[in-house]
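To keep things clear, I will list the structure first and then write my remarks on it.
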Amino acid sequence: MSHVELGICGPSGVRPMKESGPDLILMGIGAAVFILAFAATGRALRAPGPSYALPFVAGSVAGLALAAWAVLRMWRRQDDAALMQAGMLGFIFFLGLYEKAPKGSPLALFAALLPLAPAALFAWSTIRIARRADELQRRIAQEALAFGFVVSLFVALAGAALEAAGLPRLNWVWMAGVLVLACGVGIVLANRRYR
Amino acid sequence: MKNRLRVLRAERDWSQADLAERLGVSRQTVNAIETGRYDPSLPLAFGIAKVFEKLIEEIFEPTDLHRLEK
């Protein structure tokens, strides 16, 4: 088969490969085992008397190792779409996990920094997808970002105006969620346009 | 812009996925070009012409040429 090298669109698109489906499930199971064992470790450390945390620590390590192994398999496959989903899931799973550990302990610091690893995976795979996207996919992403930006701007302005008018102070952390959600809606709309 | 992509592809018995692989783009892009929802860039148009061994103007036809002729 003859190819025209245009340097666009790599081996993976915006959907994960079929082979990565089981790995995503394994990653989810590993993360769930880790979270349960980590929470049990935190409880064991907080409990008075002799500590029985060791089996839970072992469970945490095993869960994390299973999740990392599944991610490594997707990494070797260069399935950026699956890695992006794994990063997003991992970030959501590990966010707020530090509350399960005793406050100020090394375990809490580890849990507080842990979501940064899947966030880095998400960012790296997203950049790689953007680099490998073809011209239409780039246009769709551009339109989605523009939509997300405009919607977020309107929501932020509305929130600020309501706050100035006397509504209780809002927690602006959720603006990141609004931006992500609006971009997601933008992707769906732009995809429909070019379907 | 009108194009003869679907006809040329059918003549060669290629699926959209086959053409997409030859061009190094997604199937969605081939479909969007065929249906006229998306006009390809100049490098991609040259790529399409090369794949079909034709000139660009044998594949693509501008629909609003009269605007330029004024």
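In what follows, chains carry the letters A, B, and so on, assigned in the order in which the sequence lines appear, proteins first and then strands, with residues in each chain numbered from 1.
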**Item:** Residue A:Arg139 versus chain B: region with a heavy atom under 4.5 Å
**Value:** side chain
**Prompt:** Are A:Trp75 and A:Trp69 close enough that their ring centres sit under 6.0 Å apart?
**Reply:** no
**Message:** Quick check: closest heavy atoms across A:Ala44 and A:Tyr52, and the distance to 0.1 Å?
**Reply:** CB-CE1, 3.9 Å
**Prompt:** How close do A:Leu179 and A:Gly148 get, heavy atom to heavy atom, and via which atoms?
**Reply:** CD1-O, 3.8 Å
**Residues in residues 2-15 of chain B near chain A [non-hydrogen atoms, under 4.5 Å]** = none
**Fill in**
What one should report as the nearest heavy-atom pair of B:Met1 and B:Pro40 is CE-CD, 4.4 Å
**Prompt:** Which residue pairs pass the salt bridge (charged side-chain N to carboxylate O under 4.0 Å, His left out) test with at least one member in residues 147-168 of chain A, sequence neighbours excluded?
**Reply:** A:Glu163-A:Arg169
**Prompt:** Which heavy-atom pair separates A:Met74 from A:Ala86 by the least distance, and what is that distance?
**Reply:** CE-CB, 4.0 Å
